[in-house]
*Asks:* 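Quick one: the structure is below, and I'll ask about it shortly.
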Amino acid sequence: MIDLKLLRDDPDRVRASQRARGEDPDLVDAALAADERRRSAVTRYDTLRAEQKTIGKQVAAAAKGPDDEKHALLARAKDLAAEVKDAEAEQAAADDALRETQLALSNVIEDGVPEGGEDDFVVIATSGEPREFDFTPRDHVELGELLGAIDTARAAKVSGARFYYLTGVGALLELALINLAMQQAVSAGFIPMLPPALVRPPAMEGTGFLGQAAENVFRLEADDFYLVGTAEVPLAAYHMDEILDGAKLPLRYAGFSPCFRREAGSYGKDTKGIIRVHQFDKVEMFSFTTPDEAAAEHQRLLAWEREFLDALEVPYRVIDVASGDLGSSAARKYDCEAWIPTQGKYREVTSTSNCTQFQSRRLNIRMRDADGVRPLATLNGTLCAMPRTIVAILENHQQEDGSVVVPKALRPFLGRDLLTPSTR
RNA sequence: GGUGGAGUCGCCUAGUGGCCGAUGGCGCACGCCUCGAAAGCGUGUGAGGGUGCAAGCUCUCCGUGGGUUCAAAUCCCACCUCCACCGCCA
């Protein structure tokens, strides 16, 4: 949710941000008008209500006095009650209208975000070199089959398209990745969390997933639950309606959870394999910090993501996502993209967003320090999304015979150095 | 799923229609006392909005949402959450 003060003091900055995102700058003026309307409604209600309270006290005092005086007061009080009710309704309507326009506005982008759409990202780092194969590399679907690690055919029978079974070493590979990721997170000071994957509407709404992203959210209508698309939702909402002690920030959580995505509108994209699926597991980092520290924390989250990819010995690059391709709550976003040999391109495996105070305002999460009580900053970053990471490992570390060399960092967790084709 | 009980300002708690934005304690902050501390004493201590340069003035919030009333923490209804017991499942 946008800061009202910023909206009033510097509407041009918000308009410019909207334009850079390819969103409607006129929403700014709609919000300003709604703010104006609300303020006059509040003043009217406050005045009437103060009068009502005064008269109420007079009625109580006159209770023992003469009848005609009492009746006159009561008559006046009745009229006033009707007016108050009317003013209250108008204020409530004005409140709702303002909130609606406020919610329609996306976060103000950070200075330096590349302008443009999906293809206008800026590559800010690359690590490792795409490997030269002296044989024709197999894609992860074929490798998964050879190794007895991935079964998409039976998953289609049981659950339909975009589902998969991890079997045998595939299952073990995920468990090893979870443990490696959690170990890294914990030694960096994160609090490990296993959050709920079903949440009630306020948590989903507060994290901003019921806006443009709503069509990608699974909903359990009979019970009014949403299935989370990322642990970001339950981790952000963990401190909903709380005031955190400024001295205890930053608070960092590493949440492992299943993630559910409808993938509406992606028909035809990545239909093969496990790059784009309806359900997967992920270890997500989440930070609550002061507004001043947000940008620096963003860099730290990116560094932790890179540390993890480095440990997996996978070539990747880091992109600074362009303004038109940011989620509505992100002021800035960096994606790490791993090299996928059989596609000949880099594909997103992790993503970290600085949501500044945008998300905390919606979720009503604040901090208290010497400067008083105010919204804090929230940031999130993927540490390890299992299927895409598994794809990157299998494809990059494969050998001619279909075996896959296990990255050194993962060996203690997997208990083996090499995955070999099985005759299952 | 059934029955009963409960949700008040960081924590505990008083409060059954106007004198209540709300009692008291703990905690916390500051001060006094002390060589220093503890104890003791004193003062202060929720959040949000409107208005104002400011001091201030004012409105809202007693789980949430409705209702009754001139007036609701207090009465009524629905919902949410928690606790206990029973049933069921793991």
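Everything numeric here is computed off the predicted structure, so don't read it as measured data. Chain letters run A, B, ... following the sequence lines, proteins first, then strands; residues in each count from 1.
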*Asks:* Just jot down the side-chain hydrogen bond (donor to acceptor under 3.5 Å, both in side chains) partners of A/D320, sequence neighbours excluded, or say none.
*Replies:*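 Once residues adjacent in sequence are excluded, the partners of A/D320 under the side-chain hydrogen bond (donor to acceptor under 3.5 Å, both in side chains) criterion are A/R332.
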*Asks:* In whole Å, what separates the P atom of B/G18 from that of B/C86?
*Replies:*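 After rounding to an integer number of Å, I get 42 Å for this pair.
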*Asks:* For the C1' atoms, the ones on B/A22 and on B/A14, what distance do you get once it is rounded to whole angstrom?
*Replies:*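 Looking at atom C1' only, B/A22 and B/A14 are 10 Å apart.
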*Asks:* Rounded to whole angstrom units, what separation is found between the CD atom of A/E51 and the C1' atom of B/C57?
*Replies:*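 It works out to 17 Å between those atoms.
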*Asks:* Whole angstrom is fine here: how far is it from CG in A/D241 over to C1' in B/C9?
*Replies:*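 From A/D241 CG to B/C9 C1': 15 Å.
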*Asks:* To the nearest Å, give me how far apart CD (A/Q91) and C1' (B/G48) are.
*Replies:*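 Rounded to whole Å, this separation is 12 Å.
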*Asks:* Return the pairing partner of B/G40 with a 3.5 Å limit on both distances, Watson-Crick or G-U wobble; otherwise return none.
*Replies:*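 Checking every strand shown, B/G40 finds its partner in B/C32, with both distances under 3.5 Å.
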*Asks:* Hey, is A/R300 close enough to A/E293 for a salt bridge, meaning N to O under 4.0 Å?
*Replies:*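 Yes, this pair counts.
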*Asks:* Give none if B/G18 has no partner; otherwise give the nucleotide forming a Watson-Crick or G-U wobble pair with it, both distances under 3.5 Å.
*Replies:*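 Pairing partner, where one exists within any strand: B/C70.
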*Asks:* What is the distance, rounded to the nearest whole Å, between atom CZ of A/R44 and atom C1' of B/G49?
*Replies:*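 Rounded to the whole Å, the gap is 18 Å.
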*Asks:* Given that both distances must come in under 3.5 Å, which nucleotide forms a Watson-Crick or G-U wobble pair with B/U51?
*Replies:*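 With both distances under 3.5 Å, B/U51 matches B/G56.
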*Asks:* Over how many whole Å does the gap from A/R39 atom CZ to B/U60 atom C1' extend?
*Replies:*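 That distance rounds to 18 Å.
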*Asks:* Counting only Watson-Crick pairs (N1-N3 plus N6-O4 or O6-N4) and G-U wobbles (N1-O2, O6-N3), all under 3.5 Å, who is the partner of B/A90?
*Replies:*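 Base partner found: none.
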*Asks:* With a 3.5 Å limit on both atom pairs, tell me what B/A84 is paired to, counting Watson-Crick and G-U wobble, or say none.
*Replies:*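 Checking every strand shown, B/A84 finds its partner in B/U3, with both distances under 3.5 Å.
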*Asks:* Pick the P atom in B/G4 and in B/G10, then give their distance to the nearest Å.
*Replies:*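 Nearest-Å result for B/G4 against B/G10 at atom P: 32 Å.
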*Asks:* With a sphere of 6.0 Å drawn around CD of A/E242, does it hold more than 12 non-hydrogen atoms of other residues, nucleotides or ligands?
*Replies:*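 Check passes, neighbour count above 12.
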*Asks:* Whether A/K53 contacts B/U60 is assessed here as follows: a side-chain N or O lying under 4.0 Å from the phosphate OP1 or OP2. Is that the case?
*Replies:*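 Yes, such a contact exists.
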*Asks:* Quote, to the nearest angstrom, the P distance that separates B/U3 from B/C11.
*Replies:*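 These two P atoms come out 32 Å apart once rounded.
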*Asks:* Identify, between A/R49 and A/V373, the residue whose nearest nucleotide on RNA chain B lies closer to the 5' end.
*Replies:*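 By nearest-heavy-atom nucleotide position, the 5'-most residue is A/V373.
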*Asks:* Using atom C1' in both nucleotides, what's the gap between B/G21 and B/G31 to the nearest angstrom?
*Replies:*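 Rounded to whole Å, the distance is 27 Å.
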*Asks:* Strictly below 4.0 Å, N to O, side chains only: are A/E337 and A/R347 in salt-bridge contact?
*Replies:*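 No.
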*Asks:* Using a strict 4.0 Å threshold on nitrogen-to-oxygen distance, state whether A/R252 and A/E297 make a salt bridge.
*Replies:*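 A salt bridge links A/R252 with A/E297.
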*Asks:* Let's see if you can work this out: which of B/C70, B/G46, B/G49 has an atom nearest to the side-chain heavy atoms of A/A81?
*Replies:*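 Among the listed nucleotides, the one closest to the side chain of A/A81 is B/C70.
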*Asks:* Nearest whole angstrom, please: distance from the C1' of B/U51 to the CZ of A/R8.
*Replies:*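 After rounding, the gap between these two atoms is 12 Å.
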*Asks:* Check this for me, if you would: do A/D245 and A/R368 make a salt bridge, where the nitrogen-to-carboxylate-oxygen distance has to be below 4.0 angstrom?
*Replies:*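 No salt bridge links A/D245 with A/R368.
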*Asks:* Taking a pair as Watson-Crick or G-U wobble with both distances under 3.5 Å, which nucleotide is matched to B/C79?
*Replies:*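 Result: B/G63.
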*Asks:* For B/U60 versus B/A6, give the span between their P atoms, rounded off to a whole number of Å.
*Replies:*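 Approximately 29 Å lies between the P atom of B/U60 and that of B/A6.
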*Asks:* Between B/C26 and B/U34, how far apart are the two C1' atoms, rounded to whole Å?
*Replies:*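 Rounded to whole Å, the distance is 25 Å.
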*Asks:* For a quick test of reading the model: is some side-chain N or O of A/R368 closer than 4.0 Å to OP1 or OP2 of B/G10?
*Replies:*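 False: A/R368 side-chain N/O out of range (4.0 Å or more) of B/G10 OP1/OP2.
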*Asks:* Between B/U58, B/G49, B/U60, which nucleotide gets closest to the side-chain atoms of A/D46?
*Replies:*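 The listed nucleotide nearest to A/D46's side chain is B/G49.
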*Asks:* Tell me: NZ of A/K85 to P of B/C70, nearest whole Å?
*Replies:*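 Roughly 11 Å, once rounded to whole Å.
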*Asks:* Atom CD of A/E242 and atom C1' of B/A47: how far apart are they, to the nearest Å?
*Replies:*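 So the two atoms are 14 Å apart, to the nearest Å.
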*Asks:* When both hydrogen-bonding distances must be under 3.5 Å and the geometry is Watson-Crick or G-U wobble, what is B/C11 paired with, if anything?
*Replies:*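 B/G25 - that is the nucleotide pairing with B/C11, both distances being under 3.5 Å.
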*Asks:* Which sits closer to the 5' end of RNA chain B, A/Q52 or A/L4, going by the nucleotide each is nearest to?
*Replies:*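 Final value for this comparison: A/L4.
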*Asks:* For A/S106, give me all partners under side chain to side chain contact (heavy atoms under 4.5 Å, CB included), at least two apart in sequence or on another chain.
*Replies:*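 Listed in chain order: A/Q18, A/R21, A/E23, A/S328.
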*Asks:* Using the C1' atom as the point on both nucleotides, what is the distance between B/G27 and B/C12, in whole Å?
*Replies:*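 That atom pair is separated by 11 Å.
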